[in-house]
There are 2 protein chains.
Amino acid sequence: MSDAPTAMPALPDFLCFAAYSTGHAFNRLYKPLLEAMGLTYPQYLVMVQLWAEDDQTVGALGGRLFLESNTLTPLIKRLEASGFVTRRRDPADERQVRVVLTAAGRALEAQAQSVPGCIFEATGLTLDEIQRLTRDLTTLRDRLLAGGT
Amino acid sequence: MSDAPTAMPALPDFLCFAAYSTGHAFNRLYKPLLEAMGLTYPQYLVMVQLWAEDDQTVGALGGRLFLESNTLTPLIKRLEASGFVTRRRDPADERQVRVVLTAAGRALEAQAQSVPGCIFEATGLTLDEIQRLTRDLTTLRDRLLAGGT
DNA sequence: CACGATTAAATCGTGTGCGATTTAACTAGC
DNA sequence: GCTAGTTAAATCGCACACGATTTAATCGTG
């Protein structure tokens, strides 16, 4: 095993800070694009999932986003208030709430088509570089989540 | 230039989501370590800066963290309430507030010595891999921040 | 069938992030 | 040396995150 750092490193050397600040930088870049559609970034992530597969439970959405109902319930209620989704208890299991797109929610996908391209341009990276970085980060994230257990 | 994606990709393919979720995973890993010291993760980032150089203005701290006074002022007030820093107007320029470590704040650095090592272990990466990923993310972040102008 | 254990959402409180505005202090130009 | 413009913090409102708890529904075992 390599040596762990002993002295306190400087801020720019923190991998955690690089991830933290890059996440916020993405959020700032997305904000004006999504604001035009009436979405926040976490709301956009929920919509992306519903566009891929409609009629999902809160738990299923949260499982892929690594978020729980304490965060998702109010977020989805705001999506409902905006008219993009409806929420209803699953008749087969009343514990679960199923989230379903409205016509307006489905229509939003067309407007969102240009968003990934805009973000891609701003990264200044090639598709290969993006894929590698995404893979590396995903691996790291899964290790961190496993280590926290 | 490479082609930008046209169809809406799936969630795991989003680089932004990889950064977003990795940031949260780091936060969850840090939480129990920092909680024992009475800090949150953003508060820890401020303390790391003050340990490197004491007596900084809110603006200087925010410049390196990419945060503004709307976020930092209440955060630093909580650090003050916890007894780790003091805040006082700079006599030479009363617009600025200088943040200074207390004895308790300086003492906390010793307790924090083990934190980077714990995080390093959890990443499962080598120092080289960490440095490369940190560099790649920092480059990306700076491009995103520049693009948002 | 009963009943304790488990599961899914919702609720609550605290602490960020951040756009927008406000307040106070400095600076520049006349 | 006065005033317009700029700068630094602070304030305000809203939307996440998340630990902890609560509520309601289902499951498992006898």
Side-chain angles (χ1 to χ4, degrees), chain A residues 17 19-36 38-46 56-63 65-82 87-99 145 148, chain B residues 16-17 19-36 38-47 56-63 65-82 87-99 145 148:
Chain A
F17 176 66
Y20 164 89
S21 54
T22 304
H24 287 158
F26 266 120
N27 187 49
R28 282 170 218 182
L29 193 62
Y30 269 107
K31 186 165 286 249
L33 300 177
L34 296 180
E35 207 158 67
L39 294 175
T40 65
Y41 179 66
Q43 286 169 11
Y44 170 69
L45 293 179
V46 169
Q56 297 196 55
T57 66
V58 172
L61 292 167
L65 292 178
F66 307 100
L67 293 175
E68 316 214 345
S69 64
N70 50 6
T71 299
L72 278 181
T73 295
L75 187 157
I76 293 170
K77 282 184 176 177
R78 284 187 279 273
L79 283 177
E80 187 176 38
S82 300
R87 297 160 62 250
R88 59 177 236 289
R89 292 274 165 188
D90 186 335
D93 183 348
E94 293 272 343
R95 289 173 305 180
Q96 301 189 143
V97 166
R98 306 200 72 91
V99 184
L145 291 176
Chain B
C16 59
F17 177 66
Y20 165 89
S21 54
T22 304
H24 287 158
F26 266 120
N27 187 50
R28 281 169 220 181
L29 193 61
Y30 268 107
K31 185 164 285 247
L33 301 176
L34 297 180
E35 207 158 67
L39 294 175
T40 65
Y41 178 67
Q43 287 169 8
Y44 170 69
L45 293 179
V46 169
M47 294 301 285
Q56 297 196 55
T57 66
V58 172
L61 291 167
L65 293 177
F66 307 100
L67 293 174
E68 315 213 346
S69 64
N70 50 6
T71 298
L72 278 181
T73 295
L75 186 157
I76 294 171
K77 282 185 175 175
R78 281 179 213 110
L79 283 177
E80 189 177 35
S82 301
R87 296 160 64 249
R88 59 178 236 289
R89 293 274 165 189
D90 186 333
D93 183 346
E94 293 272 344
R95 288 173 305 180
Q96 301 188 143
V97 165
R98 306 200 72 91
V99 184
L145 290 176

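First the proteins, then the strands, lettered A, B, ... as listed; each starts at 1.
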- Message: Given the structure, check if the side chain of Asn70(B) and the base of dG19(C) hold any donor-acceptor pair shorter than 3.5 Å.
- Response: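 Between dG19(C) and Asn70(B), which were checked side chain against base, a qualifying N/O pair under 3.5 Å is present.
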- Message: Using a distance-only criterion (donor-acceptor N/O pair, under 3.5 Å, no hydrogens), is the base of dA15(D) paired with the side chain of Thr40(A)?
- Response: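 Between dA15(D) and Thr40(A), which were checked side chain against base, a qualifying N/O pair under 3.5 Å is absent.
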- Query: Rounded to the nearest 0.5 Å, how far does OG1 of Thr73(A) lie from CZ of Arg78(A)?
  - Reply: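 Here the interatomic distance stands at 10.5 Å.
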- Note on the structure: Here the gap from Thr22(B) atom OG1 to Phe66(A) atom CZ, rounded to the nearest 0.5 Å, amounts to 9.0 Å
- Query: Any donor and acceptor pair, going by atom type alone, linking the side chain of Arg89(A) with main-chain N or O of Arg95(A) inside 3.5 Å?
  - Reply: yes
- Given dT26(D), dC18(D), dT11(C), which nucleotide is nearest the side-chain atoms of Lys31(B)?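 Within the option list, the nearest is dC18(D).
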- Find the distance Gln96(B):CD to dA10(D):P and express it as a whole number of Å. 11 Å
- Query: How many Å lie between CZ on Arg95(B) and P on dG5(D), as a whole number?
  - Reply: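 Rounded to whole Å, this separation is 17 Å.
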- Message: Under 4.0 Å, counting only non-hydrogen atoms across every strand here, what does Arg98(B) touch: a base, just sugar-phosphate, or nothing?
- Response: nothing
- Item | Aromatic ring pairing Tyr30(A)/Tyr41(A), orientation class (parallel under 30°, perpendicular over 60°, tilted between) | tilted
- Which comes earlier along DNA chain D counting from the 5' end, the contact point of Ala60(B) or that of Asp93(A), where each point is its nearest nucleotide? Ala60(B)
- As its Watson-Crick or G-U partner within any shown strand, both distances under 3.5 Å, dG30(D) has dC1(C)
- Upstream residue (5' side of DNA chain C) when Phe66(B) and Thr73(A) are each assigned their closest nucleotide: Thr73(A)
